[in-house]
Amino acid sequence: MIKVNVVNAGFPGRFYRTAALLALLFLLPSGLLAQNGNARVEIFGGGSFLKGDRNFIIDGSAIETKYATGGIIGGRFTVDLSQHLAIEAAYGGGTNNLRVTFTQPPVFERGFGVRVHRFTGNALYYLGDPDAQSRFFVTLGAGLVRFSPTDKAKDAALLEFIDEPAPIDVNTKIDFNFGGGYESRINDSLGFRFDVRDHIAPIPRYGVPQNPTAGVAAFYPVSGQVHNWETSLGIVFYLSRR
């Protein structure tokens with residue numbers, strides 16, 4: 001029987017508890033500022049481009065792993081701290097499926113569904129006149145990202161993951177991001193916003209060892225970071241009037 005030690009007990013609970021704590025840290029001061037801080041909520045959707053391509057050889061077979069482009073939806077709550085500086089809490093969820101390709105003849109591919117959930121807190125710096133109808137901004141922040149294989153992917157990996165069967169599970173990582181965008185106010189209640197961001201996190205291995213391990217057949221020899229580029233367009237609802 002193949003065993004892989006997966007340190008995963010309580011992962012979903014820890015992820016959501018930590019996310020809730022981060023939300024409180026950002027939203028409590030935001031609530032105090034909401035009355036005069038131009039508080040706003042954004043609902044957004046866009047594309048997710050997860051760049052985590054890796055190439056390696058196992059037992060003489062050349063293998064490439066990469067992530068498919070997917071979509072993302074989410075929401076943000078933003079409050080101004082000053083004429084140029086704002087803070088926000090955000091959640092985004094989407095799909096970036098893992099592809100495992102054997103690149104030497106006979107060439108074939110395996111696919112594993114992966115859902116990506118991300119909770120972040122960011123600071124934003126708006127450029128230009130604070131009274132302008134439209135402004136560009138830059139942003140920097142951090143949070144948590146949860147790479148979650150689907151049940152179907154877990155079942156498939158138990159039959160064959162890379163070159164051996166393996167139990168795979170959720171990975172939660174620290175996420176750092178930076179980027180910029182453009183926000184435009186249409187009227188006192190509505191606006192729109194465009195964002196481009198790069199989210200940087202350690203590459204997930206889903207509980208499978210990086211190197212050959214005594215008593216464990218499966219391993220996944222990848223390391224380093226992934227860059228998850230996201231573009232999004234959202235509708236902004238202003239909670240306070242100018």
Side-chain angles (χ1 to χ4, degrees), residues 4-23 45-56 63-75 90-101 109-122 141-162 164-179 197-211 216 218-232:
V4 176
N5 294 324
V6 181
V7 181
N8 189 54
F11 238 169
R14 286 204 300 272
F15 174 81
Y16 291 116
R17 284 197 298 271
T18 306
L21 178 59
L22 286 171
S48 175
F49 308 89
L50 183 52
K51 303 301 180 183
D53 299 11
R54 298 292 189 273
N55 293 276
F56 48 87
I63 301 170
E64 178 187 58
T65 57
K66 64 190 302 183
Y67 287 88
T69 297
I72 185 171
I73 59 173
Y91 165 79
T95 298
N96 291 102
N97 295 332
L98 176 66
R99 306 298 189 198
V100 179
T101 305
E109 180 182 275
R110 299 191 190 103
F112 300 91
V114 177
R115 305 293 180 258
V116 180
H117 302 276
R118 180 176 283 113
F119 183 93
T120 54
N122 272 52
L144 295 174
V145 58
R146 189 170 188 255
F147 298 95
S148 180
T150 63
D151 290 341
K152 185 176 180 180
K154 293 177 183 179
D155 291 341
L158 288 174
L159 298 175
E160 197 81 6
F161 183 46
I162 303 300
E164 296 282 351
I168 61 174
D169 217 326
V170 171
N171 268 185
T172 300
K173 306 287 187 181
I174 299 294
D175 173 285
F176 297 94
N177 76 87
F178 67 92
R197 299 192 185 191
D198 182 15
H199 292 269
I200 305 168
I203 193 167
R205 289 192 296 271
Y206 308 104
V208 180
Q210 178 182 350
N211 300 305
V216 178
F219 67 100
Y220 185 16
V222 297
S223 60
Q225 297 175 326
V226 292
H227 289 260
N228 191 176
W229 287 94
E230 291 181 356
T231 60
S232 66

Trainee: How about Asn211 and Phe219: do any of their side-chain heavy atoms sit closer than 4.5 Å?
Mentor: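 No, too far: nothing below the 4.5 Å cut-off.
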
Trainee: Taking the side chain as C-beta and beyond, is there a heavy-atom pair between Leu50 and Phe147 under 4.5 Å?
Mentor: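 Touching, per the 4.5 Å side-chain cut-off.
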
Trainee: Would you say that Pro165 contacts Glu160 through its side chain, given a criterion of any heavy-atom pair below 4.5 Å between the two side chains?
Mentor: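 Side chain of Pro165 against side chain of Glu160, heavy atoms only: contact under 4.5 Å found.
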
Trainee: Could you measure the distance from the CG atom of Asn96 to the CZ atom of Phe49? Nearest 0.5 Å is fine.
Mentor: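 Atom-to-atom, Asn96:CG and Phe49:CZ are 9.5 Å apart.
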
Trainee: Looking only at atom types and distance, does a side-chain atom of Asp175 sit under 3.5 Å from a main-chain N or O of Gly143, one as donor and one as acceptor?
Mentor: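 The answer is no, because no donor-acceptor pair under 3.5 Å joins these two groups.
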
Trainee: With rounding to the nearest 0.5 Å, note down the distance linking CZ in Phe56 to CD in Glu64.
Mentor: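 The CD atom of Glu64 is 9.5 Å from CZ of Phe56, to the nearest 0.5 Å.
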
Trainee: I want to know whether Tyr206 and Tyr220 have ring centres closer than 6.0 Å.
Mentor: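 Ring centres of Tyr220 and Tyr206 not closer than 6.0 Å.
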
Trainee: Does Arg115 have any salt bridge (charged side-chain N to carboxylate O under 4.0 Å, His left out) partners at least two apart in sequence or in another chain, and if so, which?
Mentor: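 Residues passing salt bridge (charged side-chain N to carboxylate O under 4.0 Å, His left out) with Arg115: none at all.
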
Trainee: To the nearest 0.5 Å, what is the distance between OG (Ser148) and NZ (Lys154)?
Mentor: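 Taking OG in Ser148 and NZ in Lys154, the distance rounds to 6.0 Å.
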
Trainee: Go through the structure and list residues passing salt bridge (charged side-chain N to carboxylate O under 4.0 Å, His left out) with Lys173, not counting sequence neighbours.
Mentor: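 Once residues adjacent in sequence are excluded, Lys173 has no partner under the salt bridge (charged side-chain N to carboxylate O under 4.0 Å, His left out) criterion.
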
Trainee: Can you name the one residue among Leu98, Val170, Asn171, Val222 that meets side-chain contact (heavy atoms from CB on, under 4.5 Å) with Pro204?
Mentor: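 With Pro204 as partner, side-chain contact (heavy atoms from CB on, under 4.5 Å) holds for just one option, Asn171.
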
Trainee: For a quick test of reading the model, state the closest non-hydrogen atom pair linking Asn97 to Val114 and the distance between them.
Mentor: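 The answer is OD1-N, 3.0 Å.
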
Trainee: Report the relative orientation of the aromatic rings in His117 and Tyr91; use parallel for angles under 30°, tilted for 30 to 60°, perpendicular for over 60°.
Mentor: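 Judged by the thresholds at 30° and 60°, the geometry between His117 and Tyr91 is parallel.
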
Trainee: Got a sec, which residues hit side-chain contact (heavy atoms from CB on, under 4.5 Å) with Thr101, two or more places apart in sequence or on another chain?
Mentor: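 By the side-chain contact (heavy atoms from CB on, under 4.5 Å) rule, Thr101 matches Thr103, Val107, Glu109.
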
Trainee: With side chains defined as the heavy atoms from C-beta onward, is the minimum distance between Glu230 and Asn177 less than 4.5 Å?
Mentor: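 The answer is no; the side chains never approach within 4.5 Å.
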
Trainee: Shortest non-hydrogen contact from Ile168 to Pro149?
Mentor: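 Between these two residues, the closest heavy atoms are CD1-CB, 3.9 Å.
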
Trainee: Tell me the closest heavy-atom pair linking Arg99 and Ala68, and the distance in Å.
Mentor: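 Closest heavy-atom pair between Arg99 and Ala68: NE-CB, 4.1 Å.
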
Trainee: How long is the span from the CD1 atom in Ile63 to the CG atom in Asn55, to the nearest 0.5 Å?
Mentor: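 Nearest 0.5 Å value for the CD1-CG distance: 10.0 Å.
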
Trainee: Do you know which two heavy atoms are closest between Phe161 and Ala166, and how far apart they sit?
Mentor: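 Phe161 and Ala166 have their closest heavy atoms at CB-CB, 4.0 Å.
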
Trainee: Where do Val145 and Thr172 land on the side chain to side chain contact (heavy atoms under 4.5 Å, CB included) test, with the steps shown first?
Mentor: CA-CA 6 Å; Val145 58; Thr172 300; over 6 Å; no

Trainee: Please report the closest heavy-atom contact between Ser223 and Gln210, naming both atoms and the distance.
Mentor: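 So the two residues come closest at CB-NE2, 3.5 Å.
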
Trainee: Evaluate the side-chain proximity of Ile162 to Thr65: yes if any heavy-atom separation is below 4.5 Å, no if none is.
Mentor: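 Yes, their side chains come closer than 4.5 Å.
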
Trainee: Within a reach of under 6.0 Å around CG of Leu158, are more than 12 heavy atoms found that belong to other residues, nucleotides or ligands?
Mentor: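 More than 12 heavy atoms, drawn from other residues, nucleotides or ligands, come within 6.0 Å of this atom.
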
Trainee: Could you state the interatomic distance from CH2 (Trp229) to CD1 (Ile200), rounded to the nearest 0.5 Å?
Mentor: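 Going from CH2 on Trp229 over to CD1 on Ile200, the span is 8.0 Å.
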
Trainee: Measure the CD1-NE2 distance between Ile203 and His227 for me, rounded to the nearest 0.5 Å.
Mentor: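 So the gap between those two atoms works out to 10.5 Å.
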
